[in-house]
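These notes are about the structure you will find just below.
These numbers come from the heavy atoms of this one structure, side chains and all, not from hydrogens, waters or symmetry mates. Along the sequence shown, residues are numbered consecutively beginning with 1.
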Amino acid sequence: MNTTQVHASVSGQESRATYLPKHEGVITFPLDRTVLLVIDPVNDFLSEGGAAWEMTKTTVKMNGVIENLRRAIEGARAAGIAVIFGPMAYTEEDYADEHLHHRCGINRLMFERKMFTAGSWGADFHPDLKPLDYEIVLSPHKGTDVFETDLPEHLRQLGTTHLIIAGMTANLCCESTGRRATEEGFDVTFLKDAIGSEDLLSYEAAVKINYPLIGNAVLSVDDLLAAFDSAARSPIAITAGDTVCGSDGDEIGEISQVVETSDNHPGYIVVPRGILFEKDTYIPLDAVIKRAGGKVFINLPKMVVGKMPWDMPPTTMAQQEKYGPPSSRVDNLYLSRNPTGPH
């Protein structure tokens with residue numbers, strides 16, 4: 001492979017990954033480019049007598065999932081944000097012809113418990129969470145990834161850059177769909193108290209450990225509604241006195257100073273030392289990705305902030321080093337090898 005081919009290979013490998021709102025430069029939900037995706041808000045998960053109710057009832061009741069889903073949906077509608085519903089339904093052909101119950105553990109579980117049977121009460125929407133006539137209802141997902149439906153087409157038609165995920169269940173459909181959405185370039189937010197799971201362990205693993213790293217923010221419905229209110233106001237500034245939260249929603253501290261970008265350094269905020277940090281923490285301004293009332297959220301969980309190189313003010317040179325080399329200067333992507341590529 002000659003040098004030109006190597007550079008083309010490197011560029012090609014990197015060009016697929018993107019962040020759709022990369023040119024927006026906002027710390028809010030752009031109301032005309034945000035979608036609330038409500039996954040599986042149906043009787044089998046959310047109603048007594050549903051096929052999965054005995055598994056899901058603990059987290060659904062603990063989080064007030066039904067009420068919080070209703071509040072999130074109504075808040076999105078009031079803000080002019082599109083709401084998309086993503087339910088499941090299975091017919092005889094899915095099992096008799098496609099053998100989905102042989103595919104994986106979750107398909108076997110749904111088959112054995114007769115979950116989401118097409119045309120049944122269990123597959124219908126919970127009575128408090130029914131879509132309005134004009135709202136989008138997706139074709140059914142047959143696994144855990146709602147992107148394997150007509151969702152991508154609807155998101156493109158709506159010009160979506162920001163996706164808010166709520167519904168069921170935390171560690172399966174919500175997490176799988178959120179992972180895929182991030183890979184597709186969307187800004188992903190999870191609603192922690194509008195999501196349930198089959199047990200507390202799976203809920204905690206998804207919401208506390210995985211969501212803060214695979215998405216950009218984990219918010220409560222209260223914070224979401226405050227963010228919608230902030231989005232309706234202009235301009236939105238970061239100010240001293242704001243409370244900084246991690247992408248897990250946990251509070252990190254209060255901003256003592258906001259330093260804007262200059263020729264010598266990128267912008268940053270200062271969180272003074274205290275119980276959490278032994279030294280002042282200098283958080284890059286571009287790590288702040290959401291505002292909700294008096295809170296701002298950075299896209300790193302609280303648990304790893306202390307591991308970041310943020311113990312001194314950033315410099316332009318240090319920031320540039322983090323970008324790495326341009327692809328035109330890379331001969332071997334993995335130093336000793338390049339991607340093999342298809343033959």
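Applying the salt bridge (Lys or Arg N to Asp or Glu O under 4.0 Å) test to every pair with at least one member in residues 286-312, sequence neighbours left out, gives these pairs: Asp187-Lys290, Asp223-Lys295, Asp242-Arg291. Within the structure, every pair that satisfies the side chain to side chain donor-acceptor pair (under 3.5 Å) test and touches residues 28-39, not counting sequence neighbours, is listed here: Glu24-Arg33. For residues 259-268, the pairs satisfying side chain to side chain donor-acceptor pair (under 3.5 Å) are Ser262-His265, with sequence neighbours left out. Residue pairs that meet the side chain to side chain donor-acceptor pair (under 3.5 Å) test with at least one member in residues 136-145, sequence neighbours left out, are Asp40-His141, Asp94-Lys142, Ser139-Asp150, Thr144-Ser176, Asp145-Arg180. Judged as a ring-ring contact (aromatic ring centres under 6.0 Å, His included), the pairs with a partner in residues 44-73 (not counting sequence neighbours) are, in order, Phe45-Phe116.
A donor-acceptor pair is defined here as one N or O able to donate and one able to accept, closer than 3.5 Å; such a pair exists between the side chain of Asp193 and the backbone of Val221. Using modelled atom types, one side-chain atom of Tyr203 and one backbone atom of Lys192 make a donor-acceptor pair closer than 3.5 Å. Remark: the backbone N or O of Ser197 is not paired with any side-chain donor or acceptor of Thr169 at under 3.5 angstrom. Side chain of Asp280 to main chain of Arg273: a donor-acceptor pair is present (N/O by atom type, distance under 3.5 Å, no hydrogens or angles).
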Trace of the side chain to side chain contact (heavy atoms under 4.5 Å, CB included) decision for Val270 with Ile255: CA-CA 6 Å; Val270 182; Ile255 297 175; 5.9 Å; no
Take Met168 and Val60 through the side chain to side chain contact (heavy atoms under 4.5 Å, CB included) test and state the conclusion after the steps. CA-CA 9 Å; Met168 302 294 288; Val60 169; 3.9 Å; yes
Start with the C-alpha distance between Arg179 and Glu183, add both sets of side-chain angles, then the distance that settles salt bridge (charged side-chain N to carboxylate O under 4.0 Å, His left out), and finish with yes or no. CA-CA 6 Å; Arg179 287 177 183 272; Glu183 297 295 334; over 6 Å; no
Do Arg77 and Glu135 pass the salt bridge (charged side-chain N to carboxylate O under 4.0 Å, His left out) test, and can you show the C-alpha distance, the side-chain angles, and the key distance before you say yes or no? CA-CA 10 Å; Arg77 289 168 177 163; Glu135 289 176 323; 2.8 Å; yes
Using the side chain to side chain contact (heavy atoms under 4.5 Å, CB included) rule, take Tyr211 and Ser247 through it: C-alpha gap first, then chi angles, then the decisive distance, then the call. CA-CA 8 Å; Tyr211 289 179; Ser247 57; over 6 Å; no
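Tracing side-chain contacts under 4.5 Å through hydrophobic residues (I, L, V, M, F, W, Y), one never reaches Val259 starting from Val244; they form parts of separate clusters. Residues Leu151 and Phe125 do not share a hydrophobic cluster, clusters being chains of Ile/Leu/Val/Met/Phe/Trp/Tyr side chains in contact below 4.5 Å. Under the 4.5 Å side-chain heavy-atom criterion for grouping Ile, Leu, Val, Met, Phe, Trp and Tyr, Leu36 is not connected to Ile165 through any hydrophobic cluster. Taken together through direct or relayed side-chain contacts under 4.5 Å among Ile, Leu, Val, Met, Phe, Trp and Tyr, Leu163 and Ile39 form part of one hydrophobic cluster.
Under the side chain to side chain contact (heavy atoms under 4.5 Å, CB included) criterion, Ala51 pairs with Asp44, Met115, not counting sequence neighbours.
Salt-bridge annotation for Arg108 and Glu112: present, with a side-chain N of the basic residue lying under 4.0 Å from a carboxylate O of the acidic one.
A donor atom on one side chain and an acceptor atom on the other are not found under 3.5 Å apart for Asn43 and Asp124.
Residue His154 holds its NE2 atom at 10.5 Å from CZ of Arg156, rounded to the nearest 0.5 Å.
More than 12 heavy atoms of other residues, nucleotides or ligands shown are found within 6.0 angstrom of CG on Leu132.
A heavy-atom distance below 4.5 Å is not found between the side chains of Ile195 and Asn63.
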